[in-house]
Amino acid sequence: MKKYLVMLLVVCLTLVGCTAKDNEIKGEIERKGFITEVDVTGNRLLVDDPDNGLIWLTLPSFGDITKYEVNQEVFVWIDGGIKESYPAQATARNIEIFGEEGISLHPFDFSNHSFPPNPTGVVTIGETNYDMVRGGFEWTRGNESVTTDAKGPTQIAENFEPIVVEANNKANIVIEQNPILSVYIWDAEQRTITTVKDGQITLPATNGLVIYEVVAKWSNGEASFTFVVDITE
């Protein structure tokens, strides 16, 4: 009997030790935000943290890159330090997705639209509203689905009258029916992500033309919008 009591005590202490160790490993959440890009080759995620900006997070050795998708909200624990580049870079100790299915996207309501729909997109700079040009899109409604390969942002920009703005200005993006937004800057056929918070972006500090693509995503569709700014001093 004494032997079994000793064994039970050892098991209990082991469990307590494991729990304490898990709590010590986890600690406080160091980053949280939405995934804006999944780099399968590099085994890393680009996360937009509203409080700290963009950060590339390399998955730990046991991480499964296939479980992550753009627009999922994640909570992150960092392993070691953070490289203060732009975007910042770090290795994740642990990543948890908010909710079992990640963030819930709003479905697009087709009731007041034909199919495929033509949602409007506006960018507001200062007190002026500017219509964005819609590009490619994909939609699903029941058994119906449609996808188009429209002109890309650089082609659309050729016929877009640039919006003349001052450097470091703010631009507010509004697209109907509350989609999740990802904003990209296009340069020489390449695109890079830029930070968007509550539908607002900060325009660059350098002069010149900048081509923006706004990707709006609902649970049942996705559409691309383009606008161009000419930044002056």
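Here the structure is a predicted model, which is why all the values come from computation and not from measurement. Scope of the values below: all heavy atoms of this structure, side chains included, with no hydrogens, waters or symmetry mates.
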Ignoring hydrogens and geometry, is there a side-chain-to-backbone donor-acceptor pair from [X] to [Y] under 3.5 Å?
X	Y	value
Thr91	Gly80	no
Thr140	Ser145	no
Asp48	Gly33	no
Trp218	Gln177	yes

May I ask you to check whether [X] and [Y] show a side-chain donor-acceptor distance below 3.5 Å?
X	Y	result
Glu213	Thr226	no
Glu30	Trp77	no
Thr202	Lys170	yes
Asn118	Arg134	yes

Considering non-hydrogen atoms only, spot the tightest contact between [X] and [Y] and give its length.
X	Y	value
Ala90	Ile55	CB-CD1, 4.0 Å
Asn43	Pro60	ND2-O, 4.4 Å
Ser219	Pro107	OG-CA, 3.1 Å

Side chain to side chain contact (heavy atoms under 4.5 Å, CB included) for Val214 and Met132? Distances and angles first, verdict last.
CA-CA 9 Å; Val214 180; Met132 296 187 290; 3.9 Å; yes
Is Glu166 atom CD crowded by more than 12 heavy atoms from other residues, nucleotides or ligands, each under 6.0 Å away?
no
Mark yes when over 12 heavy atoms from residues, nucleotides or ligands other than Asp64 sit less than 6.0 Å from its CG; otherwise mark no.
yes
For the residue pair [X] and [Y], establish whether any side-chain heavy-atom pair is separated by less than 4.5 Å.
X	Y	answer
Lys32	Val74	no
Ile156	Phe227	no
Arg44	Ile65	no
Ile125	Val229	yes

Would you kindly confirm whether Leu203 and Val122 end up in one hydrophobic cluster when ILVMFWY residues are joined by side chain heavy atoms under 4.5 Å apart?
no
Going by side chain to side chain contact (heavy atoms under 4.5 Å, CB included), Ile180 matches just one of Asn71, Thr36, Val70. Which one?
Asn71
Steps toward side chain to side chain contact (heavy atoms under 4.5 Å, CB included) verdict (Phe137, Val146):
CA-CA 8 Å; Phe137 59 83; Val146 59; 4.2 Å; yes
Between Trp139 and Phe108 (judged by ring centroids, cut-off 6.0 Å), do the two rings come close enough to count as a pair?
yes
Students often mix this up, so state it plainly: with edges at 30° and 60°, are the rings of Phe115 and Phe110 parallel, tilted or perpendicular?
perpendicular
